[in-house]
Amino acid sequence: MSQPVFRTRDLTKVYVTGAIEVHALRGVDFEADAGEFVVLLGPSGSGKSTFLNIIGGLDRATSGEAWFTDHELSRFNDRELTLYRRDHVGFVFQFYNLVPSLTARENVALVTEIARNPMRPEEALAIVGLQDRMDHFPAQLSGGEQQRVAIARAIAKRPQVLLCDEPTGALDSKTGVLVLEALTQVNEQLGATTLIITHNVAIQDIAHRVVHFGNGRIVSSNIVAERKPASAISW
Amino acid sequence: MSALHVKLLRDLVRLWPQALAIAFVLAAGAATLILGIGAYQSLSETRAAYYERNRFADVFADLTRAPRIVEDEIARIPGVSSVETRIAKIALLDLPAVAEPASAMFVSIPELHEQKLNLLYMRSGRLPLPGDENEVVVSEPFAKANHFSIGSTFEAILNGRKRTLRIAGTALSPEFIYSLGPYGLIPDDRRYGIVWMREKALAAAYDLTGAFSSVTVKLTRGASEAEAIERLDGILARYGGLGAHGRRDQTSHAFLDAELQQLKAMSRILPPVFLLVAAFLVNMTLSRLILLEREQIGLLKALGYSGLAVGWHYLEFALAIACVGTAIGIGAGTWLGFGMTKLYATFYHFPFLVFRTDPAIYVIAAGVTLAAAAAGAVRAVRDVVALPPAVAMSPPAPAVYRRLLPEAFYAFIAIPQSLVMVTRHLMRWPIRTVSSILGIALAVSVLVGSLWAFGSTEFMIDVTYNRAERQNATISFVRERSMPAFYDALSLPGVLTAEPYRSVPVRIHHGPVERRIAISGKPANADLSRVLGAELKPVRMPETGIALSDALAKILKAQVGDMVEVEILERDRRRAVLPVTGIIEGYLGLNAYMSLPALNRLMREGAVISGVNLLYDTARQGDLFKRLKATPVANFIALQRTTLQNFRDTLQENLLVMITVYVSLGVIIAFGVVYNFARISLSEQGRELASLRVLGFHKSEVSAILLSELAVLTIAAQPLGWAIGHLFAWAMVQGFNSELYRVPLVVERSVYAWASLIVFAAALVSALIVRRRIDRLDLIEVLKTRE
Ligand SMILES: Nc1ncnc2c1ncn2[C@@H]1O[C@H](COP(=O)(O)OP(=O)(O)OP(=O)(O)O)[C@@H](O)[C@H]1O
Ligand SMILES: [Mg+2]
């Protein structure tokens, strides 16, 4: 079998604020294969976002190893991390983080302009079903639509990995399903390894695998026996 | 302290770099105001006090010779409170350590009684002993420049006879605060001084025993100067009076007036610029602060604070900054003002200094500074007062962005999205963008409006000394001489060419206006001392009639073809009417020109000259100077190149100080505007910029977005800044121009270039400071929070 896309060994993260040390991660061992769709669950403060940020190249581990294919992320300097994010990682966040002064199309173009082998912005927006709203500014779009623009922006570079931190956190069930449909579709079409953090247990049914975080560690990792399409779930 | 005051303090501490940048701009406004008005007041008060204490005369007249009893007649003129008659003559000196010929104004002091007017302020030694023929008091700057001490001796040619004089003391006089020799541009203390001698000795030297050649008069308060001058002229006409004049035509007084006028002009232009920019900055910063604190404002109102109380809180923020600015400004203004007044005092040789710290100046400075800050705050504060709490608590309506160009356009040209962000963000806040551009433009304009003066001075020098007065020496005879004197001058060692000239003092009238001037008679084909016509091209002297300098023509409201009346102040004091046949360009003084033969015909004299202009071979100047120093026929020898060198040296001394001051002022504005704009822009776009970093933009690419916003502003501001700067230069020229000299409005291209360069540098530095913040943006933080 091919080598895993992500592999971490004994990953720890300690935040030091004054005299207080917060152990956000206490030795995480994780692997994800190419094209795998993984849902990360766990109580608030269990270290999910910290983990995602480290493997996404936004943050650095305190100790341990984090590998992306055959690159060790902890050896990357700032510039290399930036290039890693630019070329390989697509991010989707709870609060969309769109640029308000750019239209949907332009927000996507922002990424395609700097990516190596991007699709056209229109194409990316079509994948998430927004071909008709391309020239609207974020302020003129609903939360779900904004989140789909964010997904289009994340996938337009044809990323190897798609990292989503509570992508449906701010959305209602119906809109959330639309967003999840877009994500599963992208995962299938592009074969991007997809990691989704969520507090919504219902979402685990659409994954290949569910990973539970607790107190800075992975407490369980289960293959989903019966995978459902996104349209089949609700909350 | 109330909770709101604690918040105010924390806000100020948190926003300290922005607050300080604004405070500095306000401080510059307050400082230039205090500096300008303070220096002006100090200087004019000092002069007034000096005049008062040392009884500076009101009316002055020179004449050929009048018996002493005429003094009584003058004293009887209504309005005259005291009269002092004396002997005043310019004579050549032979100074041991000075290679060039030097001169001095010899002024007599009463033999036995005390001086009544223009009292000497003794600086060292004592007055000459009565009856002593060789003791003198010399002006202090002259003594210093020549390293003379009590007991030093030097030689002078008094009335054609060489005398050795011994220094008994040094002194200053209100009459010679600015001691400018004939044809001088700036005082040359080494080559021109004032020498006071006892009356008997000086009278003996000039065969004026029992007579006088100069009179000064003090008027009673409220007496008419014009009337006194007329009566005095009437009396002195019989004695070869050269026309009495008031303080306005007294060299030292007039130059000080011109200087004071310049100070006033400066203090009218600079402070308003700073206050205007500061008001912009306050508005910009406060508006942003209020937008960020909408919810807090709503909360405060919901808690029961009145709209006015919350509004006052934000106004206090502006006023607190203004207070800091005022404090810095008053400190800096007082210190600089004191320094500047001292500089003036040493340059002008005041014996003492009245540094006026009129409390009113400080009140005014503080008042306008606070007012500027309040004016800047008013719009933002009004919004706060009007904001209903319910609206305030909900997040603000998202900013509406617009496309600048139709959709099709974007498809055609590939504009990077980052550039689209820049333009849309700038267009989103048009008022802020425009006022920032204006602010930066004002920084440029302050520089253009001050740095131009150097090039302009060079231009004036070039016109005066390279195009018009091309001689390198002017010999001025003791009295008119006939043509052989000219040929004598021509045969002096090293002389290459020479031209005679004649100078006749007149009073010129046209309509109700009159001025006391000298008509210069020049040969029609003059090639050394030329006259310049339109476009500063040399023109041939009209054979008949009189040519007026442009400045004089303007004052007299005379044009070519008009008839002007001249009242000759020599000999038979005839009046004659002459047609104006030309207008001459030039920057120094009020001048009138005639062809030499025409002037002599007017005087009803043959070929008579007052002096000679020379061009000599500088390689042989040693021999020439040796001869000139001993010539009995001259009383003054102007050396144009030395004068110029002297002028340049003085300019150079002040150049560094002046440039430092102006550049600092320009930099304060540029820095203040760019820094504040950048910080506000960063506070608005920080989240977006961090998001871009997450998406894989490099630090340099992200900061490029903000920096290109600043670059757009700075570049857009340049042409506007040049235009406003040119306007400032123009306004200053209007303020600087006096009857003594005019300043040409020449703004060289290099001035624009330097102004822009300095502002770019200041903008770059503030941009780099903000860039450090962009580099340190917390990527993860923005992902956790909603905007
Ligand atoms: N910058 C920081 N400084 C100090 N402690 C931090 C910082 N960021 C995160 N932490 C701490 O690290 C721990 C893990 O945080 P993390 O954000 O990864 O949790 P999470 O699992 O994503 O929680 P949630 O589901 O609420 O988003 C928490 O205890 C948190 O308080
Ligand atoms: Mg989280």
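Numbers restart at 1 for each chain; the letters A, B, ... are given by sequence-line order, proteins then strands. What you are looking at is a predicted structure, and each value in this text was computed from that prediction instead of being measured.
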Looking at Val694(B) and Phe91(A), what are the two nearest heavy atoms and their distance?
-> CG1-CD1, 3.5 Å

Look at Leu695(B), Leu779(B), Leu692(B) and state which one has the largest set of heavy-atom pairs under 4.5 Å with chain A.
-> Leu695(B)

What closest approach, in Å, do Val99(A) and Met421(B) show between heavy atoms, and which atom pair accounts for it?
-> CG1-CE, 3.5 Å

Which atom of Ile780(B) lies closest to which atom of Leu58(A), heavy atoms considered = CD1-O, 4.0 Å

In terms of heavy-atom proximity below 4.5 Å to chain B, should Thr103(A) be classed as side chain, backbone, both, or neither?
-> both

Chain B neighbours within residues 160-169 of chain A, where any heavy atom lies under 4.5 Å away = none

Under a 4.5 Å heavy-atom cutoff, which of Arg428(B), Arg693(B), Lys699(B) has the most pairs with chain A?
-> Arg693(B)

Neighbour count >12 (heavy atoms, 6.0 Å) for atom CG, Leu292(B) | yes

So, does Glu113(A) use its side chain to make a donor-acceptor pair with the main chain of Gln417(B) at under 3.5 Å?
-> yes

Inter- and intrachain pairs under salt bridge (charged side-chain N to carboxylate O under 4.0 Å, His left out), touching residues 79-89 of chain A, at least two apart = Arg86(A)-Glu701(B), Asp87(A)-Arg116(A)

Please report the shortest heavy-atom distance between Thr82(A) and Gly696(B), naming the atom on each side.
-> CG2-O, 3.4 Å

Within a reach of under 6.0 Å around CH2 of Trp16(B), are more than 12 heavy atoms found that belong to other residues, nucleotides or ligands?
-> no

Quick one: which of Glu688(B), Met427(B), Glu684(B) gives a side chain to side chain contact (heavy atoms under 4.5 Å, CB included) with Ser101(A)?
-> Glu688(B)

Max heavy-atom pair count under 4.5 Å with chain B, selected residue of Gln94(A), Arg153(A), Gln140(A) | Arg153(A)

In Å and rounded to the nearest 0.5 Å, what is the CZ to CZ distance from Phe95(A) to Arg687(B)?
-> 7.5 Å

